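A note on names: the letters A, B, ... follow the listed sequences, proteins ahead of strands, and every chain is numbered from 1. In this text, all values refer to a predicted model and were calculated from it rather than measured experimentally.
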Amino acid sequence: MLRRLSVNQPEEFSFSKTNLKWAKAQLKKYPKGRQASAVIPLLWKAQEQEGWVSKPAIEFVANFLDMPEIRVLEVATFYFMFHLKPVGSKAHFQVCGTTPCMLRGSESLIDICKARINGKQHAPSADGSMSWEEVECLGGCVNAPVVQIGSDYFEDLDKVSFEKLISDVESNKSPVPGSRVGRFSSEPSNMTKKYSRKKSSSENASIERYRG
Amino acid sequence: MTTKSIKINDTILDFDENLTIIQACELSGIQIPRFCYHERLSIAGNCRMCLVEVVGGPPKPTASCAMQLKDLRSGPNGEPPQVLTNSEMVENARKGVMEFLLINHPLDCPICDQGGECDLQDQAMSFGLGESRYTEEKRTVEDYDLGPLVETHMTRCISCTRCVRFTTEVAGIDQMGQTGRGENSEIVTYLSHTLDSELQGNIIDLCPVGALTSKPYAFTARPWELQKTDTIDVMDGIGSNIRVDSKGNRVMRITPRENHLVNEEWISDKSRFVWDGIRVQRLDTPLKKIEGNLMPTSWEDALSIASKRMENGNTTFVAGDLVNVEALYTASKLSEYLGSAKILGDLDTTFPLNERSVYVGNGKIEDLDNARNIFLLGTNPRKEASVVNARIRKAWINGADVYRLGIQENLTYDVKELGVSLFDLQNFLDKLGSKKSFWTNTMFLVGYSFLNSKLADTALNTIRSYVEKFNSKLLVLHQNASAVGSLDLGFETDVKVKQELIKETKTIYNLGCDTLDVDQGTFVIYQGSHGDKGAGSADLIFPSACYLEEEGIFVNMEGRMQFARKAIQPPGKAKENWKILRALTEKLGYVPNWLDLNGLRNALFDEFQLISKPGEIIEVPWKAVKKQKKLDSKISLPGYVKNYYLSNSICRASKTMGSLARARNSHNLKKAS
């Protein structure tokens, strides 16, 4: 995939107060003069903040780490994890299309994305709130098919639960990450009760760690 | 240095264990094909063309450019490790790599400027499969604008990244890079900026394919129809070794020759692209001024007018910036005969320069490689000697500290500022005192701005006292090709003396100096190649050959004498510089005992031992320094005012240099706003 900077770019970029504090702390991890090593974490933080990596963000990071802009651009264009074009304002669906997910029905999830979001990947929906892309293995094969939004995994999806997930996002509800068939983790689906730590909890293992 | 025995094919040889396999093979005379590896750049190891077989190593071919000898294991009984460069495995690997490289390379050799001197073409012939099995579509890549010098055909790029490494490491600009990955990787400049470097032309030579080619040379000639002449560049004081390629009587392009002592294998853009200035604005017939207009005349007439003027005495000879030593020698003999003065037009100093150990120093360009501390005193080497600047940068990368006094411009490396005046220098010297370990590994580079400042005499002697005491190195960065030659022959530079001479003299014999201001009443004879400012104010013009049109000697800033060779014929009635002066001597009744160039050179070498050995620097006795006064001048050193791309008459005639100067101006304006 040819990766270029977006034609439409915001005027400027700067880290939020918390992120700036975090970024300054990152610099201390590296010996003096080697701060360029922090380029990936910083770009990632910029993407977390804005949803995508813009030209001002690249220049901000370059300036912050005292490295040439072209070197940051090289990194940003190398890794597909960095979005160089704006993504949906509410959610960017990353649908896993690798073999296990595909066998468990990810192709129909992609069809739903095409119908409800946009016929093309990386292109926003009509109102700009959502976008989607097909990604390589997300490493959640046991809970296939998997869709990732930000750092949350939505697992064991089927057409119905995925349609609901999109609707929830659309109507500004925040969907709870995790399995859609009631699994706590990756236990066999007919033994979910045995492995659940809290019967009443609707959360799963990854969420607990995420919050913990 | 630890040596290690390596068996290359069937021969066991000892090498420094820090060498890579490709270097060891090179030393033992075995050629390994390569694209990305270049001995003056960092190792990338991404083209995979240099694969060799390491016996007993991993069961796959090894990239010889990226494997050090010390990492090779000995055999089970302690036999030296064996490297095979022609085994079946290696041959198959090369064929495979070649096939992969050619998958996306267009087959447009017939319309490619690199055709005939292309590494990819040559190596495909020597090591490739000979046929293509590829029927799918090839990728295409967008071209981008690198400015008026380098043309891009990025579809041809094989992603060796030599250009990226050169611009980043040697030229010191951070504009080029490789974005994307895999099939979609592209060599780009950040936001398609044009390159801001005086050395960018070198990426044309470095590019092993036709992705980066020369814009001014585009589609004008084929390498096999060019006549090649090895000669010397005169655009600055370095005396870079160049090769001039000409077709018929036209210079088609200029490329560098390798000379580790002088220019390594780089040349500046000015040296490389000035050739279009050689064809235009030429003086091709003698001219004399009649009623304010310059009219063509014959040589006979022109010479007799000149001799009549000069017979009356009071002639001053002025040397320009591009004159060879033969012409200077003839002129200086003539001035001796006439009892007249000779001055150097393009160098003003506040004190007389008459000892080589003063106006050159004891340093050489190659000394920069070993210097730990480099002092730039009133010089901007990036503009005055771009190739030397790359060498200072190399020393800086290897850990040298660079200190600077005066002109504060971006030099592509970090400098420690000493200040702007000689007083600041004195302060620094006093503070540091005589720390032996510091000064022994120090090299001073002194520029024209320093020599031109008030109290420069004392300042230079202060520096020389350190050089004398601690055996540091001193090198004066002369900006002009003819500077050291003229100084060796005794041309005057002291600005006071010069002004007086010019004011008093009735006739000026100007050898291509375009910076001279003369009074109205003075009769000016201009001998030069280009119709520039100097010719404009002349009363009589002798058209002469330029540096590519005659055999000549140039002495570079280190005092290294080098021969320039004749590549093409001078245009029209223009003659070799020394011949014009020799003809004039006869008219004036002075007959030197030589008639031809050899005779002239023999006489010159007999008289001036300093410039008698080609390619060498002759050691000169060091002129001892007397105790000096403290430097108390707080006046800033004069700045660098010359326009880099338009610094001499040939540059000013060149269209390419003009567009570069324009591009640089608009770039600077953009930066300032």
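- Atoms CG and CZ, on B/N184 and A/R3 in that order, are 10.0 Å from each other to the nearest 0.5 Å.
- Within 6.0 Å of the OH atom in A/Y79, the count of heavy atoms belonging to other residues, nucleotides or ligands does not exceed 12.
- The environment of CD in B/E142 is sparse: at most 12 heavy-atom neighbours from other residues, nucleotides or ligands sit within 6.0 Å.
- A donor-acceptor contact shorter than 3.5 Å links the side chain of B/R181 to the backbone of A/F78.
- Environment of CD in A/E11: sparse, with no more than 12 heavy atoms of neighbouring residues, nucleotides or ligands closer than 6.0 Å.
- The two residues B/V164 and A/R71 have their closest heavy-atom pair at CG1-NH2, 4.1 Å.
- Other residues, nucleotides and ligands place no more than 12 heavy atoms under 6.0 Å from the NZ atom of A/K173.
- When all heavy atoms are compared, the tightest approach of B/D174 to A/I70 is O-CG2, 3.6 Å.
- Rounding to the nearest 0.5 angstrom, the gap separating the OG atom in B/S185 from the CD atom in A/E74 is 10.5 Å.
- Within the 4.5 Å cutoff, no side-chain heavy atoms of A/E69 are placed close to those of B/H193.
- Annotation for A/R104: atom CZ does not count as buried by contact number, only 12 or fewer foreign heavy atoms lying within 6.0 Å.
- Atom OH of B/Y144 sits in a crowded spot, with more than 12 heavy atoms from other residues, nucleotides or ligands closer than 6.0 Å.
- Under the 4.5 Å side-chain criterion, counting only non-hydrogen atoms from C-beta, A/V72 is not in contact with B/Y190.
- No more than 12 heavy atoms of other residues, nucleotides or ligands sit less than 6.0 Å from atom CG of A/N8.
- Within the model, atoms CG of A/L5 and CG of B/L191 stand 6.5 Å from one another, a figure rounded to the nearest 0.5 Å.
- For B/E186, the part lying near chain A is the side chain, with the backbone staying farther off; criterion is any non-hydrogen pair under 4.5 Å.
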